[in-house]
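First up is the structure itself, then whatever we jot down about it.
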Amino acid sequence: MEIHEKEVVGEQVDEETRCRHYHSEVDRIAIKFFCCQTYYPCYECHGMHGCGHPAVWPASRFSEKAVLCGACGFELSVTEYLSCGSACPACSAPFNPGCSLHKHLYFDTSK
């Protein structure tokens, strides 16, 4: 599905990037997976429809755009996303703060 002129792949994706796995009001980001450079709403959608070789964003590439705000289409770098306080820096739409529990599935957080 195209959202804000970006292709977002997943299960039943809506106009703000919600999927069948994560669909609360604040579930409105898609993450560009490092391994395939494709946006997915969550790791489960990537597991079902992705490249089959998940890889996290290395810390050396955190300056690259990797997170899409489903509300306004602003693309955040990994650094911007990790420091945004669960809200879009462009439109202030709230993001799900619980996503931080899964950040290790998308980004190298070992340091």
Side-chain angles (χ1 to χ4, degrees):
M1 171 180 233
E2 193 162 295
I3 300 173
H4 302 292
E5 301 179 12
K6 303 288 181 198
E7 184 67 23
V8 179
V9 179
E11 290 288 304
Q12 302 169 340
V13 178
D14 78 1
E15 68 281 350
E16 285 198 351
T17 75
R18 292 175 191 91
C19 66
R20 76 177 186 126
H21 308 108
Y22 295 95
H23 48 267
S24 76
E25 172 61 27
V26 293
D27 289 314
R28 64 168 47 93
I29 64 160
I31 298 173
K32 184 188 296 181
F33 273 70
F34 181 73
C35 45
C36 54
Q37 295 293 299
T38 301
Y39 277 110
Y40 293 87
C42 73
Y43 66 93
E44 292 184 57
C45 284
H46 181 264
M48 297 174 81
H49 300 281
C51 65
H53 305 286
V56 298
W57 281 89
S60 63
R61 308 250 324 247
F62 277 15
S63 63
E64 295 181 35
K65 302 295 184 187
V67 178
L68 177 69
C69 174
C72 73
F74 182 73
E75 287 185 283
L76 293 79
S77 69
V78 177
T79 299
E80 288 172 319
Y81 175 69
L82 294 176
S83 64
C84 75
S86 297
C88 177
C91 74
S92 301
F95 298 152
N96 188 338
C99 290
S100 65
L101 299 173
H102 303 141
K103 65 185 175 187
H104 65 282
L105 298 172
Y106 309 105
F107 316 116
D108 178 5
T109 58
S110 62
K111 296 180 181 186

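All values below were derived from every heavy atom in this structure, side-chain atoms included, with hydrogens, water molecules and symmetry-related copies excluded.
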Closest non-hydrogen contact found for Ser63 with Ser77 is O-CB, 3.4 Å
Non-neighbouring partners of Asp14 that pass side chain to side chain donor-acceptor pair (under 3.5 Å), sequence neighbours left out:
Arg18
Is there a path of hydrophobic side-chain contacts, each under 4.5 Å between heavy atoms of I, L, V, M, F, W or Y residues, that connects Phe34 with Val56?
no
Taking the hydrophobic residues Ile, Leu, Val, Met, Phe, Trp and Tyr, and joining any pair whose side-chain heavy atoms are under 4.5 Å apart, which ones share a cluster with Tyr39?
Met1, Ile3, Val8, Val13, Leu68
Note: Glu64-Lys32 ion pair, threshold 4.0 Å (strictly below):
no
Report yes if the side chains of Cys36 and His46 come closer than 4.5 Å at any heavy-atom pair, otherwise no.
yes
Distance-minimising heavy-atom pair for Ala66 and Val78:
CB-CG2, 3.6 Å
Results of side-chain contact (heavy atoms from CB on, under 4.5 Å) for Ser24 - residues two or more places apart only
Val26, Asp27, Asn96
From Glu11 atom CD to Glu44 atom CD, the distance as rounded to the nearest 0.5 Å:
10.0 Å
Taking the inter-plane angle between the rings of Phe62 and Phe107 on a 0 to 90° scale, is it parallel (under 30°), tilted (30 to 60°) or perpendicular (over 60°)?
perpendicular
Heavy-atom distance under 4.5 Å between the side chains of Phe33 and Thr38, does that happen here?
no
Which atom of Ala30 lies closest to which atom of Thr17, heavy atoms considered
N-OG1, 3.7 Å
Rounded to the nearest 0.5 Å, what's the gap from CH2 on Trp57 to CG on Leu82? Could you check?
12.0 Å
Can you tell me how the ring of Tyr22 sits relative to the ring of Tyr43, calling it parallel under 30°, perpendicular over 60° and tilted otherwise?
tilted
Hey, can you tell me if Tyr81 and Phe95 have their rings parallel, tilted or perpendicular (30° and 60° cut-offs)?
tilted
Any idea which heavy atoms bring Pro97 and Ser100 closest together, and the distance?
O-OG, 3.0 Å
Can you give me the closest heavy-atom contact between Leu76 and Pro89, atom names plus distance?
CD2-CD, 3.6 Å
Got a second to check how far Cys42's SG is from His23's NE2, nearest 0.5 Å?
11.0 Å
To the nearest 0.5 Å, what is the distance between OG1 (Thr79) and NZ (Lys65)?
10.0 Å
Looking at Tyr40 and Gly50, what are the two nearest heavy atoms and their distance?
OH-CA, 3.2 Å
Can you tell if the side chain of Glu75 reaches within under 4.5 Å of the side chain of Glu80, non-hydrogen atoms only?
no
If you define the side chain from C-beta out and look only at heavy atoms, does anything of Phe74 sit under 4.5 Å from Cys91?
no
Any heavy-atom pair between the side chains of Pro41 and His21 that's under 4.5 Å?
no
Using modelled atom types only, decide if a donor and an acceptor are shared between the side chain of His102 and the backbone of Cys99 within a distance under 3.5 Å.
no
Taking side chain as C-beta onward, heavy atoms only, is Pro94 less than 4.5 Å from Arg28?
yes
